[in-house]
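So that the names make sense, note that chain A is the first sequence line, chain B the second, and so on, each numbered from 1.
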Amino acid sequence: MAAERDPPPPGDAGQARFGEAEDGEDLFVGAVGALESNPSSPEPASLPAEDISANSNGPKLVDSFLDDDPDDLFAEATEEVSLDSPEREPILSDGPSPAITPIMAPRIDSTLFDQALEEEEDNGDTFDICISVSDPEKVGDGMNAYMAYKVTTKTSLSVFSQNELSVRRRFSDFLGLHSKLASKYMHSGYIVPPAPEKSIVGMTKVKVGKEDSSSTEFVEKRRSALERYLMRTVKHPVMLKDPNVLQFLESSELPRAVSTQALSGAGILRMVNKAADAVNKMTIKMNESDAWFEEKQQQFENLDAQFRKLHASVESLVCHRKELSLNTASFAKSAAMLGNSEDHTALSRALSQLAEMEEKMEQLHMDQAYADFYLFAELLGDYVRLLTAVKGVFDQRMKTWSKWQDAQLMLQRKREAEAKLQYANKPDKLQQAKDEIKEEIVEWEGKVQQGERDFEQISKTIRKELGRFEKERVKDFKSVIIKYLESLVQTQQQLIKYWEAFLPEAKAIA
Amino acid sequence: MNRSGKTADTMEGSGLTISASSIKVNEATLDEDTLVFSITSQKLSNGMGVCVCRTYEDFEWLQQSLFAPDEPDLHGVIFPPLPAKLIMSPQSQINNKTLKQLGFLALGDCCRTYCEALELYLQQVALHPILSKNKALETLLTNTESPGKQRAKKGIFNRLSQVMEEKRKESHKDVDDFFQNERDNNSNMTALTKVTTERFLDVVLAEQRLSVASKHLSSSIQLWVNQEDSANAAFSKICLKTSKVFETIKRNFEKTAENNISTLGLGLDLQSRYQEAEKEMLFRRTCKLVELEAANKNTERAKANKKGIMEEVRNVLEKQFDGMSSMARQEVGRFHQSRVALLRTALVSWCEQQLNTATEIAALYSEHLEACQKLPEE
């Protein structure tokens with residue numbers, strides 16, 4: 001006999017199943033960031049927007065790609081088409097990707113971070129901000145519909161204009177925020193918390209208006225994920241002060257983050273850059289002078305594998321618990337029927353009580369399954385995604401190193417060219433050429449120095465970030481295990497009450 | 001008839017020298033591919049212990065021996081149901097077929113549940129006012145040689161041999177309201193009990209799966225911590241604690257399932273089989289009724305010269321039917337009394353055991369919680 005509610009189809013459990021890697025270069029991936037000209041990001045005037053790549057093999061990208069293209073055919077498309085997979089690296093089309101993009105990313109002043117960290121330490125536990133995401137509401141109809149969430153910030157921090165703020169945001173707004181933060185900070189070595197994932201299946205169901213438990217679950221899962229995402233973001237001392245974050249939490253209106261759509265011009269750009277990145281990763285061989293980084297990278301690789309495995313195990317546990325809940329419901333029903341047909345009065349009563357008790361237990365099992373899921377499975381999922389961000393940061397360091405090396409190479413070439421000029425035979429052009437070369441050499445010397453400084457800076461930042469990450473990791477997991485145990489204790493106490501209530505009923509059978 | 005032996009061990013003039021409550025089926029050992037059960041009991045007179053080894057065939061022999069076709073009254077007896085044969089696969093794993101056939105009796109460590117079911121069977125035979133007088137039981141419990149070598153008579157117990165047309169008789173209207181009622185109730189209850197038992201089995205199987213999954217989770221976390229060079233010592237501590245928590249969760253499911261099997265599971269299973277036994281007895285009586293009614297008709301239609309013979313036949317049948325019905329009435333009363341008592345015992349011990357386990361586990365969880373709150377964050 002089927003339970004009243006539809007059991008969520010097994011496919012839903014697969015929504016967050018890792019390891020279901022689609023073939024790597026999926027066309028429609030779009031987890032993060034477009035390169036947008038961001039008016040609020042500081043742009044040091046000294047940076048030329050120029051393709052300085054030694055391997056330049058592509059045309060210089062024109063600005064039109066970077067703006068929201070008015071002729072973008074897909075500007076109105078609201079389909080979110082990516083498939084869940086944390087293996088997708090956050091797609092950044094920012095920063096030095098030697099093959100194609102010009103360098104436009106601003107260099108974040110490291111002192112900003114130091115300051116923020118110091119403040120955090122000085123203030124101790126006055127890190128007082130609490131964000132909640134609630135009240136999901138469907139806006140619109142059909143395939144253009146979307147979910148809007150209420151984002152409430154309660155804080156005593158002075159950087160906010162009020163103590164309590166409330167705005168409405170949709171999913172693409174969150175993605176937009178993440179994309180801005182990623183393009184701003186990631187190349188400097190900051191671990192930017194990843195945004196929750198898109199999901200075709202889940203979202204389509206909601207749009208189509210299917211009001212079953214699986215779409216409610218999906219919305220709840222997403223709401224919870226968005227909340228965790230925001231909390232993680234504001235816990236980062238640098239991100240907390242970022243104007244994008246502040247705007248996100250405070251402004252009643254946000255410009256639509258159109259470029260997060262997969263099929264937009266920005267989406268295509270992301271795809272192209274991802275391919276370029278992949279190629280470059282293979283060709284860059286870094287001479288690691290610092291064993292610490294190598295160790296850390298290995299450590300995180302192991303951690304990643306472990307988390308994924310555990311995540312799969314926990315999801316399996318959740319499935320089994322839901323199954324137990326369903327079976328208990330079935331049993332309760334037949335026990336009730338048995339009780340109804342039973343002639344012996346006391347026995348009939350006891351059987352009916354048994355049925356009621358089992359029904360209550362079914363609910364307990366279900367609640368516990370949700371605890372399993374929302375606490376553990378989602379935590380592990382978040383960390384798998386975070387580790388991807390960590391990997392990204394290591395990659396950025398590698399790129400920075402590579403840039404530095406390239407600059408050194410260039411400098412050397414120029415010097416060689418200068419030396420050659422000494423022995424040239426055309427006196428009329430000689431002086432001009434010599435002057436030019438001298439200018440270029442100075443320029444490249446500057447770049448080499450800058451490259452070295454950048455590399456040192458990013459290494460320093462990463463060390464700090466990893467230190468923070470490790471601390472946060474411990475806090476997060478400890479907090480989850482405690483919450484989980486609290487839920488277990490509560491369930492168990494409830495169970496004891498039920499059994500204690502049933503015992504006299506059973507004994508009363510004469 | 002309940003297991004705690006609260007009812008009298010001896011029945012008047014029972015002829016059985018063994019105390020019913022002392023009968024224990026202790027364990028089953030595998031001898032090649034035959035299961036051998038060790039049965040102990042005590043003599044009533046001097047409390048001396050007796051121990052014998054029997055195979056399933058011996059039990060079958062007993063069951064067949066209890067039924068004597070030349071004692072028509074015996075047809076009115078509700079025979080204690082013998083569980084189906086347990087086939088052990090070489091790796092002593094339960095296969096699906098066994099699970100389907102035996103349900104709860106297939107679960108539990110080392111055939112423990114099955115042994116308990118056999119034990120109950122023997123005790124019920126020993127407590128039956130009529131059946132306990134049958135020498136076969138004494139033989140089974142005390143003879144040094146196993147009696148099962150004798151080929152058992154094919155019996156009334158083999159319902160599978162019933163032909164389709166006999167099924168029609170099942171719905172044949174009764175002449176007695178008491179029995180009509182009983183037949184209807186029995187039909188209804190048998191079906192409901194069967195379904196309830198199956199669904200409870202599903203619950204238990206799900207619990208067992210959860211136990212395995214939890215253990216797996218606990219072990220893999222443990223393994224990981226052992227292998228990992230603890231770069232983050234605080235994190236490793238948290239993981240170890242988490243592993244222990246899942247170990248406790250596994251224990252919870254394991255014990256809960258065990259309790260379910262050994263109390264309510266067994267109880268429901270027995271109910272189910274006993275109801276089938278009652279059904280069979282009622283069916284036998286119904287068949288006899290059909291025979292009697294046919295004989296009546298024949299007598300009425302018979303020509304003068306045959307009438308006498310027909311009447312003779314009819315009278316014999318009538319006597320048989322009446323004897324059977326009177327026995328049946330007694331048996332039905334007895335049946336209802338004991339099945340309620342049986343279910344009560346099952347429900348009470350189920351509840352008590354689960355309460356114990358729940359309390360134990362709650363304490364463990366609280367311990368874990370305290371320990372986790374003390375975990376260092378650095």
Side-chain angles (χ1 to χ4, degrees), chain A residues 1 295-296 299 302-303 306 309-310 313-314 316-317 319-321 323-328 330-335 337-338 340-344 346-347 350-351 354 358 376 470-471 473-475 477-478 481-482 484-486 488-489 492-493 495-496 498-500 502-503 505-507 509-510, chain B residues 185 188-189 192-193 195-200 202-207 209-210 212-214 216-217 220-221 224 227-229 231-232 234-235 238-239 241-242 245-246 248-249 252-253 336 340-341 343-344 347-348 350-352 354-355 358-359 361-362 365-366 368-369 372-373 375-378:
Chain A
M1 198 174 294
E295 259 177 52
K296 279 297 173 188
Q299 185 197 342
N302 295 345
L303 201 60
Q306 263 310 317
K309 230 173 83 180
L310 284 178
S313 300
V314 172
S316 148
L317 193 75
C319 257
H320 285 316
R321 239 198 247 272
E323 193 193 344
L324 176 61
S325 174
L326 286 172
N327 290 356
T328 308
S330 261
F331 171 61
K333 286 206 179 81
S334 25
M337 279 174 53
L338 198 60
N340 281 344
S341 297
E342 174 59 61
D343 279 339
H344 189 278
L347 183 56
L351 285 171
L354 187 155
E358 289 288 325
F376 271 117
E470 292 292 86
K471 278 201 193 136
R473 171 153 76 114
V474 172
K475 276 200 204 131
F477 275 82
K478 178 175 170 186
I481 184 79
I482 288 179
Y484 189 61
L485 273 169
E486 283 169 349
L488 286 174
V489 167
Q492 210 57 27
Q493 298 293 2
L495 212 56
I496 291 176
Y498 293 155
W499 287 118
E500 283 175 344
F502 182 68
L503 191 55
E505 295 288 342
K507 287 192 170 158
I509 305 171
Chain B
N185 275 347
N188 188 23
M189 290 300 275
L192 288 176
T193 310
V195 169
T196 309
T197 312
E198 280 167 7
R199 295 209 175 149
F200 194 52
D202 285 339
V203 169
V204 169
L205 292 173
E207 285 170 341
R209 279 191 285 270
L210 267 168
V212 168
S214 308
H216 175 77
L217 197 50
S220 46
I221 298 178
W224 173 33
Q227 286 172 348
E228 171 110 318
D229 71 278
N232 192 334
F235 190 74
I238 295 178
C239 287
K241 258 285 148 236
T242 310
V245 169
F246 279 106
T248 306
I249 294 177
N252 186 17
F253 283 119
H336 282 300
V340 170
L343 208 44
R344 180 189 186 279
L347 286 170
V348 170
W350 177 57
C351 189
E352 283 174 344
Q354 294 292 34
L355 187 51
T359 314
I361 297 290
Y365 283 153
S366 297
H368 286 312
L369 181 55
C372 278
Q373 281 160 341
L375 280 172
E377 282 194 13
E378 296 296 320

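- Closest approach of B:Y365 and A:L485 over heavy atoms only: O-CD2, 4.0 Å.
- For a residue to count as touching a neighbouring chain, one of its non-hydrogen atoms must lie under 4.5 Å from one of that chain's; by this rule B:V203 touches chain A with backbone and side chain alike.
- To the nearest 0.5 Å, atoms CG (A:L317) and CD1 (B:I249) are separated by 7.0 Å.
- Using a 4.5 Å cut-off between heavy atoms, A:E295 makes no contact with chain B at all.
- Between B:T359 and A:W499 there is no side-chain heavy-atom pair separated by less than 4.5 Å.
- Of the atoms belonging to B:H368, heavy atoms from both backbone and side chain fall under 4.5 Å from chain A.
- Contacts of B:I361 with chain A are made by both backbone and side-chain atoms, with heavy-atom separations under 4.5 Å.
- Heavy atoms closer than 4.5 Å to chain B are found nowhere in A:E505, neither backbone nor side chain.
- Side-chain atoms of B:K241 and A:I481, non-hydrogen and from C-beta on, never get closer than 4.5 Å to each other.
- For the atom pair CD of B:Q373 and CD1 of A:I482, the computed distance is 5.0 Å after rounding to the nearest 0.5 Å.
- Between B:R199 and A:S330 the shortest heavy-atom distance is NH1-O, 3.2 Å.
- In this structure, CD in A:Q493 is found 6.0 Å from OG in B:S366, a value given to the nearest 0.5 Å.
- Contact tally against chain B (heavy-atom pairs below 4.5 Å) for A:A332, A:S316, A:S341: the top residue is A:S341.
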Exercise for review: For A:L488 and B:V245, run side chain to side chain contact (heavy atoms under 4.5 Å, CB included): C-alpha distance rounded to whole Å, both residues' side-chain angles, the deciding distance at 0.1 Å, then the answer.
Suggested key: CA-CA 10 Å; A:L488 286 174; B:V245 169; 4.0 Å; yes

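- Between the side chain of A:N327 and the backbone N or O of B:D202, at least one donor-acceptor pair lies under 3.5 Å.
- In this structure the side chain of B:L347 reaches within 4.5 angstrom of the side chain of A:L347, judged on heavy atoms.
- Taking CE of A:M337 as the start and CG of B:N188 as the end, the distance is 8.0 Å to the nearest 0.5 Å.
- For chain B, the option among A:L495, A:L503, A:V314, A:L338 with the highest count of heavy-atom pairs below 4.5 Å is A:L338.
- Heavy-atom distances place both the backbone and the side chain of B:S214 under 4.5 Å from chain A.
- To the nearest 0.5 Å, atom CG of residue B:L205 and atom NE2 of residue A:H320 are 12.0 Å apart.
- Looking at A:L310 and B:S220, their side chains come closer than 4.5 Å, going by heavy atoms from C-beta outward.
- Put simply, the side chain of A:F331 does not reach to within 4.5 Å of the side chain of B:V195, judged on heavy atoms.
- With values rounded to the nearest 0.5 angstrom, B:C372 atom SG is found 10.0 Å from A:E486 atom CD.
- For the pair A:T328/B:F200, no side-chain contact is recorded, criterion being any heavy-atom separation below 4.5 Å from C-beta on.
- Between B:F246 and A:F376, the distance separating the two ring centers is shorter than 6.0 angstrom.
- Contacts of A:Y498 with chain B are absent, with no heavy-atom separation under 4.5 Å from either backbone or side chain.
- Your options are A:K507, A:H344, A:E323, and the one with the most heavy-atom pairs under 4.5 Å with chain B is A:K507.
- Side-chain N or O atoms of A:K478 include one that pairs as donor or acceptor with a backbone N or O of B:L375 at under 3.5 Å.
- A:E470 places no side-chain N or O within 3.5 Å of a backbone atom of B:N232 that could act as its donor or acceptor partner.
- Below 30°, between 30° and 60°, or above 60°: for A:F502 and B:W350 the angle between ring planes is above 60°, a perpendicular geometry.
- The environment of B:H216 atom NE2 is sparse: at most 12 non-hydrogen atoms of other residues, nucleotides or ligands sit within 6.0 angstrom.
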